[in-house]
Amino acid sequence: MITIFTPAYNRAHTLGKLYESLKRQSSHNFEWLVIDDGSKDGTQELFKTWLEQRNPFKITYIKTENGGKHKAINLGVSKAGGEAFFIVDSDDFLPSDSVEKIEKSFSSVVDNERFAGICGLKAGAFDKQPLGNSAASAGLDCSMADIRYKYHIRGDMAEVFKTSVLRQYPFPVFEGEKFMNEAVVWGEIAKKHLMRYTGDILYYCDYMPDGLTRSIRRQYRRSPKGTKLYYGRLIKDKSIPLKERAKAGVLYWRYLCFNGEGYKNMPLFSAIFWPAGVFFYFMDCFRG
């Protein structure tokens, strides 16, 4: 069985589209697990209505205090009943054959310990075209690091992980911080596991103006310890290209140059990126 996991925060106005796409699935061999991350917009009332309906799949709805997507994922992984874990955000939806395609591809790796799962494509909600050049990933068996740095695939993708693997790699949690880049965990998984890239469109996405993607700079500054962990690991990782490590160095200082966290226990060479980071910091301030 597949766990389709949705973290939700004030998305009552978009969740209906996802719910309807789940009802249209050609296979209903899945559960829908929703962690409501402290919504105040009627999301709870919406799910009360849906839970009273006769649905062709199980819905589990859990409301928590607002803590951020990474904490919601940790909780979701601990509660998941499926052997496959598919994160679908609350403002996105699925093609009608998504679950069916996942079942078929996932079965090819489920018993192979080398693999953490499978990965399909995300496509735009309006044009239905794969993001970036991600379609070129079809047929590859490689790590999530190699897909970016060796094969130069760009564009968000639709990862479906083995739940058992995710349970080995929980997101670090820092008190008072509500954001952490998912690559913090995906990068650790990539050191030991492969993914099978299917080339199937599994996910339609629509980046909302108030979503995490659009507010990324603000999120990084508000969560300095998580930001330091993410970019600090990239700077130190000698397995990725020097160009990418240098870019990480600039972004490290861009978000942490005026935060005391940035200066603690970092390699001395990272200081060479400080001027460029300060420049981009002030550019961000200028743009607002």
Side-chain angles (χ1 to χ4, degrees), residues 1-9 18 22 29-37 57-62 64 67-90 92 94 98-99 101-122 137 140-148 156-174 177-198 200 202-203 205 212 223 226 229-230 233-234 237:
M1 186 175 72
I2 298 164
T3 294
I4 295 177
F5 170 72
T6 300
Y9 178 67
L18 172 55
L22 296 181
N29 185 29
F30 67 91
E31 64 173 353
W32 189 24
L33 172 58
V34 179
I35 302 298
D36 182 347
D37 191 30
F57 50 88
K58 178 184 176 183
I59 299 176
T60 300
Y61 170 82
I62 301 172
T64 65
K69 182 178 179 179
H70 64 300
K71 294 181 185 178
I73 293 174
N74 283 350
L75 179 58
V77 170
S78 73
K79 300 291 186 181
E83 59 185 349
F85 194 87
F86 185 24
I87 301 172
V88 181
D89 288 340
S90 53
D92 301 325
L94 304 182
S98 181
V99 171
K101 286 179 175 177
I102 290 170
E103 287 182 296
K104 181 178 179 180
S105 298
F106 196 82
S107 65
S108 70
V109 302
V110 67
D111 295 322
N112 191 327
E113 294 183 357
R114 297 173 61 217
F115 287 85
I118 64 168
C119 187
L121 306 178
K122 288 186 178 182
S137 66
L140 294 174
D141 287 344
C142 65
S143 74
M144 288 181 285
D146 280 348
I147 204 70
R148 300 299 185 191
D156 287 348
M157 303 185 76
E159 297 91 354
V160 183
F161 292 102
K162 294 178 180 177
T163 306
S164 59
V165 170
L166 287 182
R167 286 178 176 155
Q168 299 173 42
Y169 297 90
F171 282 88
V173 173
F174 298 108
E177 296 195 1
K178 297 182 180 182
F179 175 77
M180 183 170 293
N181 193 308
E182 291 169 24
V184 167
V185 167
W186 300 175
E188 292 303 297
I189 292 174
K191 293 178 181 178
K192 294 186 177 181
H193 297 280
L194 306 177
M195 297 289 280
R196 175 154 291 168
Y197 290 84
T198 69
D200 294 325
L202 303 178
Y203 191 118
C205 57
L212 277 177
S223 301
L229 178 63
Y230 172 50
R233 283 183 179 178
L234 289 178
D237 189 348

| request: List the steps, then state whether side-chain contact (heavy atoms from CB on, under 4.5 Å) holds for I2 with F106. | output: CA-CA 10 Å; I2 298 164; F106 196 82; over 6 Å; no
| Nearest 0.5 Å, what's the OG-CZ distance between S143 and R148? | 11.0 Å
| task | Applying salt bridge (charged side-chain N to carboxylate O under 4.0 Å, His left out), name anything that partners D89, two or more places apart in sequence or on another chain. | result | K69
| query | For D200, what residues pass the side-chain contact (heavy atoms from CB on, under 4.5 Å) criterion, not counting sequence neighbours? | reply | K101, S105, T198, L202
| query | Which heavy atom in K162 sits nearest to a heavy atom in V109, and how many Å separate them? | reply | NZ-O, 3.0 Å
| query | Given side chains that start at C-beta, do those of F57 and I4 come closer than 4.5 Å, heavy atoms only? | reply | no
| Exercise: identify the closest heavy-atom pair between C205 and K122 | SG-CB, 4.3 Å
| message | Ignoring hydrogens, what is the shortest heavy-atom contact between G120 and M157? Give both atom names and the distance. | response | O-CB, 3.6 Å
| message | Within the 4.5 Å heavy-atom criterion, are F161 and V77 side-chain neighbours or not? | response | no
| Any luck finding a side-chain donor-acceptor pair between E83 and T163 under 3.5 Å? | no
| Going by heavy atoms in the side chains, are K79 and T60 under 4.5 Å from each other? | no
| Could you go step by step and tell me if M195 and I147 meet the side-chain contact (heavy atoms from CB on, under 4.5 Å) rule? | CA-CA 9 Å; M195 297 289 280; I147 204 70; over 6 Å; no
| message | Nearest 0.5 Å, please: how far is CZ in F85 from CG in L33? | response | 6.5 Å
| If you round to the nearest 0.5 Å, how far is CZ of F5 from CD1 of I87? | 6.5 Å
| Any residue meeting side-chain contact (heavy atoms from CB on, under 4.5 Å) with T64, in chain and number order, not counting sequence neighbours | I35, D37, I62, L75
| message | I need the minimum non-hydrogen distance between Y169 and V185, along with the two atoms involved. | response | O-CG1, 3.4 Å
| message | Tell me every residue that passes ring-ring contact (aromatic ring centres under 6.0 Å, His included) with F171, counting only those two or more places apart in sequence or in another chain. | response | W186
| query | So do the side chains of L121 and Y203 get within less than 4.5 Å of each other, counting heavy atoms only? | reply | no
| task | Would you give the length of the straight line joining atom CG of D92 to atom CG of D156, rounded to the nearest 0.5 angstrom? | result | 9.5 Å
| task | Would you please name every residue forming a salt bridge (charged side-chain N to carboxylate O under 4.0 Å, His left out) with R233, sequence neighbours left out? | result | E188
| If we only count heavy atoms from C-beta on, is the L229 to P172 side-chain gap below 4.5 Å? | yes
| said: So which atom in R167 and which in A80 form the shortest heavy-atom distance, rounded to 0.1 Å? | reply: NH2-O, 3.0 Å
| Candidate pair F86 and V99, rule side-chain contact (heavy atoms from CB on, under 4.5 Å), full reasoning | CA-CA 10 Å; F86 185 24; V99 171; over 6 Å; no
| Under the side chain to side chain donor-acceptor pair (under 3.5 Å) test, residues paired with Y61 that sit two or more places apart | D36
| request: Report yes if some heavy atom in the side chain of I73 is under 4.5 Å from a heavy atom in the side chain of L166; otherwise report no. | output: no
| message | Testing the basics here: between S223 and K178, what is the closest heavy-atom pair and its distance to 0.1 Å? | response | OG-N, 3.6 Å
| query | Quick one: does E103's side chain have a donor or acceptor within less than 3.5 Å of a partner on N29's backbone? | reply | no
| request: Could you list the residues that satisfy side-chain contact (heavy atoms from CB on, under 4.5 Å) with T6, not counting sequence neighbours? | output: L15, L18, W32, V34, V88, S90
| remark: Residues at least two apart in sequence or cross-chain that pass salt bridge (charged side-chain N to carboxylate O under 4.0 Å, His left out) with R196, listed by chain then number, are D141
| message | Going by the rule side chain to side chain donor-acceptor pair (under 3.5 Å), which residues pair with D146 if we only count those two or more places apart in sequence or in a different chain? | response | none
| query | With E159, which residues qualify under side chain to side chain donor-acceptor pair (under 3.5 Å), at least two apart? | reply | none
| Heavy atoms of other groups near Q168 CD, more than 12 under 6.0 Å | yes
| With sequence neighbours left out, what residues match K71 under side-chain contact (heavy atoms from CB on, under 4.5 Å)? | V173
| For Y197, all residues meeting side chain to side chain donor-acceptor pair (under 3.5 Å), sequence neighbours excluded | none
